[in-house]
A.B. asks: 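Got a structure here, written out as structure tokens. Questions coming.
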Amino acid sequence: MSQQFEMDKTFSPQQVEGTTYEAWEQSGAFKPVIKVGKKPYTIVMPPPNITGQLHMGHAVDVTVQDILIRFHRMLGDPTLWLPGTDHASIATENKIVEQMRKEGITKEDLGREGFLERAWEWKKLYGGRITQQLRRLGASCDWSRERFTMDAGCSKAVTEVFVRMYEEGLIYRGERIINWCPVCKTALSDIEVDYEEKQSKLYHIRYPEDDGGEGLVVATTRPETMLGDTGVAVNPQDERYTHLIGKELLLPLVNRRIHVVADDYVDASFGTGAVKMTPAHDPNDFEVAKRHNLEILRVMNDDGSMNEAAGPDFAGMPGKDARKKVLEMLEAQGLLVKVQDYTHNVGSCSRCHATVEPLISKQWFLNMEPLAKPAIEAVRECKVTFVPERFAKTYFNWMENIRDWCISRQLWWGHRIPAWHCQTCGTTIVAREAPDTCPDCGSSRLSQDEDVLDTWFSSALWPFSTLGWPDDTKDLEYFYPTSTLATGYDIIFFWVARMIFSGLKHMGEIPFDTVLIHGIVRDELGRKMSKSLGNGVDPLELIDTYGADALRFSLILGVAPGADMRISNERMEAARNFANKIWNASRFVLMNLDGTSRTIDDSLLNTNEKWILSRLNRAIRSMTGHLEGNDLGLSAQVMYDFAWNEFCDWYIELSKGDLFDGTPERKDQARAVLETVLSATLRLLHPFMPFLTETIFKAMPGKQEASCMLSPWPEADGKYDFAQEEQQMEGVMDMIRAIRTVRNELKVQPGHRARVLLKPNPGWAERLRDAEPAFQRLAGASALTLLKAEEHITEKTVSAIGTIGEALIPLGDLVDIEKEIARLSKEAQGLRDEIIKSQGKLNNPGFVAKAPPALVQAEQEKIAHNEGILASLEKRVEELRQ
RNA sequence: GGGAUUAUAGCUCAGUUGGCUAGAGUACCACGUUGACAUCGUGGGGGUCACUGGUUCGAGCCCAGUUAAUCCCACCA
């Protein structure tokens, strides 16, 4: 007995996934085959964080990329998918700190060195875990080229870029208002801050004049910051306050004299029209302060508590308590004028969700303007294309309004900034290697800057740092620029934009030509998956339950580029069922091949065979086109429809005639066609469902040692285009469907011949004779035999019969004559209406003049067609009347 | 405040540059142990294409407006 008969009745992914993947990886098939002179297809994988578990976002990301990679590999392109992981500075550090907290130790206990040791241990443990999980999805990446954002090579690139940009003056150090997370104790970039609406109060506080005048009233949501006020601003046009401009007020509680300044920034219609200025703790106030030379007084510590500058009453007090005390004291002095309920947006740390405090701080910045310009140009000139296009707008919107990027973080885990400060003279030295002495004063008392770089600083270099830059490597030369970058739209700002300007800046070339944006995965209710909602789905569990192929397919099928997708059990089941359908269709084909491979005899092709081969050609062309256009969802849809609705539902069924009852010649021909179509189907499906297809492929005759993954992508063979046969089959299928409707309607028992009410005209007879076996098998009816239905016949049945043939057969004595006349008359009326409608169209000069000729002709044919039926109906009515 | 997207069957979504009766999947109903598959097969019901107007011979598609929802950016004390 041959191997084929041992296939189970259902596909068990669990049994094959592990071993199949291992065999692929062992064989080295994931490594690109470099062909000098041939353009490679390259994807550099967005590196997952080493913080944890594979989630649905990764699953989509990896699936999309793996499909493209497998497609191009089969096309014969030298194909590289370079994987790696990201150190994820702040996220990882938080996780480690959290883990340590449970053990009762703090970062400070370990010290920088000790902490980093621990962090590397973490990386060893979890960095490997995530890559194992990627394997479970079937990711066919070249693990021999795997990189990590903090490995020696990538770190070298980071230092090189930093030093170069510093030397060019693009990187500078300065005092600016930054978003400060008092829990993570680090600066955050603008995009690391999330805003949410919160209920709070708007406090109206009176600031009297220093001479005892009543002064003015300011409104604030953060009263404790008044301790750091160094001025009050009003709108220059605001007549209420013109008399106060330039005057001095006495800041309550601290009794500091502060000036009233006029600045357009102030909106006279909001609050009281007077704004207290706290330049050290508010970005706008900071700007105003610079314009008016107001003092910048920081009153808060890094942990959010008040410092000495806040005055002896408040020093050391947490911000919350300080707020309370300030309010109490103001109230006691009768200076708290009004308290309003107020809803506004409060920023919080995207990592730990603590409320962010804007405060002044010395940080490293990257000057964005000169970098953004060419990056905008590159997209505008379509050197980089976004799929779908609309995301380019998002990109422009951000890049055109970009502000300098705060790249320093007060963390330990990350790339330490290559800058040294001289303890003697204060000079800062930025260098590739640690300097021994200060070039200015010769002192050897140098200490490295404590900060590390924003994690996205290294990510921005990923497309070339992973290929060996700054060294001149062969990989860099061959694979850069890469082809496609696939990622979610949530990461355009964090990453995509920064890679584009970095690539242009340091490589002088775009990093990739296509940015393929996919949506995010939502639950069945359309909600974002989040930890707090607890609605997250673990992709690994889905793989266990349904198989990796089903997961991949359900994430792709019918999903338009950039569109969010919902994942549900129903969707997973549909994908699993499809996999099983393919499995069983293959099982049937393999059973009938008897382990022998055959080739099609073109001279013996019958209509069914011509039809399926022609349909296969269409599927190949369509899928290839969609994949080239990055529309994976449509491509999968074409596969699904072809495999299930055409190959399984029709051709396999049709083939059974020859397979079971045909002459030896026909039998072999059917087998050859089945084998050909199955082979192509498996290969077309392979990028989407690699495990299933590889498993079946190896069971094909003579393919034990072959690999679906490394087989060529199917090409449409022009000699198998049969437009006429396709049309003919379409007609036959319509008729078979109609007969089935009749059978159902008449409740004809299986096994019994349906009594089909047909009188084929000469044209149809020809076709029907051709299709006779199909009718026998699929419709349980003989197309040429006129039989008498004994059952009651409904309208529906009649209309179904109407679609079968031109000649509607008289129902004779089966039905009440009056009723039948009425029905036929009604039908005739319907046809007349149709004809009138068509004639109306043809009488419309605009239609005749402007519509395509084929359409006009079709309309004329329709009239003729309807008139023919009408005539026979009328004739029949006449007969019945007699 | 600025920008983007979406609105089609109970649900999830397709619907190419406008062109025959608007399609799938799923759910629902009926029937079915036909030699791959009940994770299946066959058939069926179910739509005012959000609303209003416009362009056109012709609009689910193009244009304007209205309504509703989602998302992103900015962050007014």
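Chain naming here is simple, since letters A, B, ... match the order of the sequence lines and numbering starts at 1 in each.
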A.B. asks: In whole angstrom, give the distance that lies between atom CD1 of Ile491(A) and atom P of C72(B).
C.D. replies: 14 Å
A.B. asks: Taking any heavy-atom pair under 4.0 Å as a contact, classify Lys581(A): base, sugar-phosphate, or nothing.
C.D. replies: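 Since a base atom lies under 4.0 Å of Lys581(A), the category is base.
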A.B. asks: Does NZ or CZ of Lys581(A) fall inside the cone over Phe647(A)'s six-membered ring, less than 6.0 Å from its centre and within 45° of the axis?
C.D. replies: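 Checked: cation-pi criterion not met.
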A.B. asks: Applying a 4.0 Å non-hydrogen cut-off, can you work out what Asp649(A) is touching in the nucleic acid: base, sugar-phosphate, or nothing?
C.D. replies: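 If one applies the 4.0 Å heavy-atom cut-off, Asp649(A) turns out to touch the sugar-phosphate alone, with no base involved.
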A.B. asks: Whether Trp644(A) contacts G41(B) is assessed here as follows: a side-chain N or O lying under 4.0 Å from the phosphate OP1 or OP2. Is that the case?
C.D. replies: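 Looking at the OP1 and OP2 atoms of G41(B), one of them is under 4.0 Å from a side-chain N or O of Trp644(A).
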A.B. asks: Produce a footprint string for nucleotides 56-63 of chain B: one letter per nucleotide, 5' end first; B if the base is under 4.0 Å from any protein heavy atom, S if only the sugar-phosphate is, - if neither.
C.D. replies: SB------
A.B. asks: Using whole Å, report how far CZ of Arg740(A) lies from C1' of A30(B).
C.D. replies: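 So the two atoms are 16 Å apart, to the nearest Å.
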A.B. asks: For the pair Phe688(A) and Phe553(A), name the ring-plane relationship: parallel under 30°, tilted 30 to 60°, perpendicular over 60°.
C.D. replies: perpendicular
A.B. asks: Would you call Arg621(A) and Glu628(A) a salt bridge, taking side-chain N to carboxylate O under 4.0 Å as the test?
C.D. replies: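 Salt bridge flag = no for Glu628(A) with Arg621(A).
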A.B. asks: What's the closest nucleotide to the Tyr640(A) side chain, out of G25(B), A36(B), U39(B)?
C.D. replies: G25(B)
A.B. asks: For the backbone of Lys393(A) and the side chain of Asn397(A), can you confirm whether one donor and one acceptor N or O come within less than 3.5 Å of each other?
C.D. replies: no
A.B. asks: Roughly, in whole Å, what's the span from CG in Leu692(A) to P in U39(B)?
C.D. replies: 17 Å
A.B. asks: Expressed in whole Å, how much space separates the C1' atoms belonging to G19(B) and G60(B)?
C.D. replies: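 G19(B) and G60(B) have their C1' atoms separated by 13 Å.
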A.B. asks: Fill in the dot-bracket string of RNA chain B, one character per base: . for unpaired, | for a pair to another strand, ( ) or [ ] for pairs within the strand, taking Watson-Crick or G-U pairs under 3.5 Å.
C.D. replies: (((((((..((((.....[...)))).(((((.......))))).....(((((..]....))))))))))))....
A.B. asks: Check the phosphate of C72(B) against Lys393(A), side-chain N and O only, distance under 4.0 Å to OP1 or OP2. Yes or no?
C.D. replies: no
A.B. asks: Could you list, one pair per line, each protein nitrogen or oxygen that sits under 3.5 Å from a nitrogen or oxygen of nucleotides 75-77 of chain B, together with the distance?
C.D. replies:
{"residue": "C75(B)", "atom": "OP1", "partner": "Arg403(A)", "partner atom": "NH2", "Å": "2.6"}
{"residue": "C75(B)", "atom": "N3", "partner": "Asn345(A)", "partner atom": "ND2", "Å": "2.8"}
{"residue": "C76(B)", "atom": "OP1", "partner": "Asn284(A)", "partner atom": "ND2", "Å": "2.3"}
{"residue": "A77(B)", "atom": "OP1", "partner": "His344(A)", "partner atom": "ND1", "Å": "3.4"}
{"residue": "A77(B)", "atom": "OP2", "partner": "Tyr342(A)", "partner atom": "OH", "Å": "2.6"}
{"residue": "A77(B)", "atom": "O2'", "partner": "Ala219(A)", "partner atom": "O", "Å": "2.7"}
{"residue": "A77(B)", "atom": "N6", "partner": "Asp267(A)", "partner atom": "O", "Å": "2.6"}
{"residue": "A77(B)", "atom": "N6", "partner": "Phe270(A)", "partner atom": "O", "Å": "2.7"}
{"residue": "A77(B)", "atom": "N1", "partner": "Asp267(A)", "partner atom": "N", "Å": "3.4"}

A.B. asks: Within the structure provided, determine whether Trp583(A) and Thr695(A) are in side-chain contact (heavy-atom separation under 4.5 Å).
C.D. replies: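 The answer is yes; the side chains approach within 4.5 Å.
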A.B. asks: Determine whether a donor-acceptor pair (one donor, one acceptor, N or O, separation below 3.5 Å) exists between the side chain of Glu653(A) and the base of A36(B).
C.D. replies: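 Check passes, donor-acceptor contact within cut-off.
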A.B. asks: If I take atom CZ in residue Phe391(A) and atom C1' in nucleotide C73(B), what distance separates them, rounded to the nearest angstrom?
C.D. replies: 14 Å
A.B. asks: Indicate whether Trp583(A) forms a stack on A36(B); treat it as stacked only if centroid distance is below 5.5 angstrom and interplanar angle below 30 degrees.
C.D. replies: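 A stacking contact does not exist, since Trp583(A) is not both close and nearly parallel to the base ring of A36(B).
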A.B. asks: One thing to verify: whether Asp523(A) and Arg566(A) come together as a salt bridge, which I'm taking to mean a side-chain N less than 4.0 angstrom from a carboxylate O.
C.D. replies: no
A.B. asks: Can you give each donor-acceptor pair under 3.5 Å made by side-chain atoms of residues 229-237 of chain A, sequence neighbours left out, with the distance rounded to 0.1 Å?
C.D. replies:
{"residue": "Asp229(A)", "atom": "OD1", "partner": "Lys276(A)", "partner atom": "NZ", "Å": "3.1"}
{"residue": "Asp229(A)", "atom": "OD1", "partner": "Thr278(A)", "partner atom": "OG1", "Å": "2.6"}
{"residue": "Asp229(A)", "atom": "OD2", "partner": "Tyr207(A)", "partner atom": "OH", "Å": "2.6"}
{"residue": "Thr230(A)", "atom": "OG1", "partner": "Glu295(A)", "partner atom": "O", "Å": "2.7"}
{"residue": "Asn235(A)", "atom": "OD1", "partner": "Gln237(A)", "partner atom": "N", "Å": "2.8"}
{"residue": "Asn235(A)", "atom": "ND2", "partner": "Val266(A)", "partner atom": "O", "Å": "2.7"}

A.B. asks: Can you spot which of Phe396(A), Trp405(A), Trp398(A) makes a ring-ring contact (aromatic ring centres under 6.0 Å, His included) with Phe493(A)?
C.D. replies: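 The single option meeting the ring-ring contact (aromatic ring centres under 6.0 Å, His included) with Phe493(A) is Trp398(A).
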A.B. asks: Is the phosphate of A38(B) approached by Lys9(A) (side-chain N or O, under 4.0 Å from OP1 or OP2)?
C.D. replies: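 For Lys9(A), the contact criterion (side-chain N or O under 4.0 Å from OP1 or OP2 of A38(B)) is met.
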A.B. asks: Quickly work out the Asn645(A) CG to G25(B) P distance and round it to whole Å.
C.D. replies: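 My rounded result for the distance is 6 Å.
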A.B. asks: Whole angstroms only, please: what is the CG-P distance between Asp594(A) and A36(B)?
C.D. replies: 13 Å
A.B. asks: Provide the closest heavy-atom pair for Pro561(A) versus Pro388(A) in the form atom of the first, atom of the second, distance.
C.D. replies: O-CG, 3.5 Å
A.B. asks: Rounded off to whole Å, could you give me the CZ-to-P distance for the Arg587(A) and G35(B) pair?
C.D. replies: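 Those two atoms, CZ and P, are 12 Å apart.
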A.B. asks: Arg390(A) side chain N/O closer than 4.0 Å to the phosphate oxygens (OP1, OP2) of U5(B)?
C.D. replies: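 No, no such contact exists.
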A.B. asks: Using a cutoff of under 3.5 Å, can you pull out all pairs of nitrogen or oxygen atoms linking the protein to nucleotides 9-17 of chain B, with atom names and distances?
C.D. replies:
{"residue": "U12(B)", "atom": "OP1", "partner": "Arg566(A)", "partner atom": "NH1", "Å": "3.3"}

A.B. asks: Applying a 4.0 Å non-hydrogen cut-off, can you work out what Phe11(A) is touching in the nucleic acid: base, sugar-phosphate, or nothing?
C.D. replies: nothing
A.B. asks: Does a side-chain N or O from Asn397(A) land closer than 4.0 Å to OP1 or OP2 of G2(B), or not?
C.D. replies: no
A.B. asks: Please enumerate all residues that pass salt bridge (charged side-chain N to carboxylate O under 4.0 Å, His left out) together with Asp490(A), with sequence neighbours excluded.
C.D. replies: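 Once residues adjacent in sequence are excluded, Asp490(A) has no partner under the salt bridge (charged side-chain N to carboxylate O under 4.0 Å, His left out) criterion.
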A.B. asks: Between the main-chain N or O of Leu216(A) and the side-chain N or O of Arg240(A), is there a donor-acceptor pair closer than 3.5 Å?
C.D. replies: no
A.B. asks: Could you walk me through whether Arg222(A) and Arg323(A) satisfy the side-chain contact (heavy atoms from CB on, under 4.5 Å) test, starting with their C-alpha distance in whole Å, then the side-chain angles of each, then the deciding distance to 0.1 Å, before giving a yes or no?
C.D. replies: CA-CA 7 Å; Arg222(A) 294 159 69 216; Arg323(A) 175 176 299 186; 3.7 Å; yes
A.B. asks: In whole angstrom, give the distance that lies between atom CG of Asn592(A) and atom P of G35(B).
C.D. replies: 13 Å
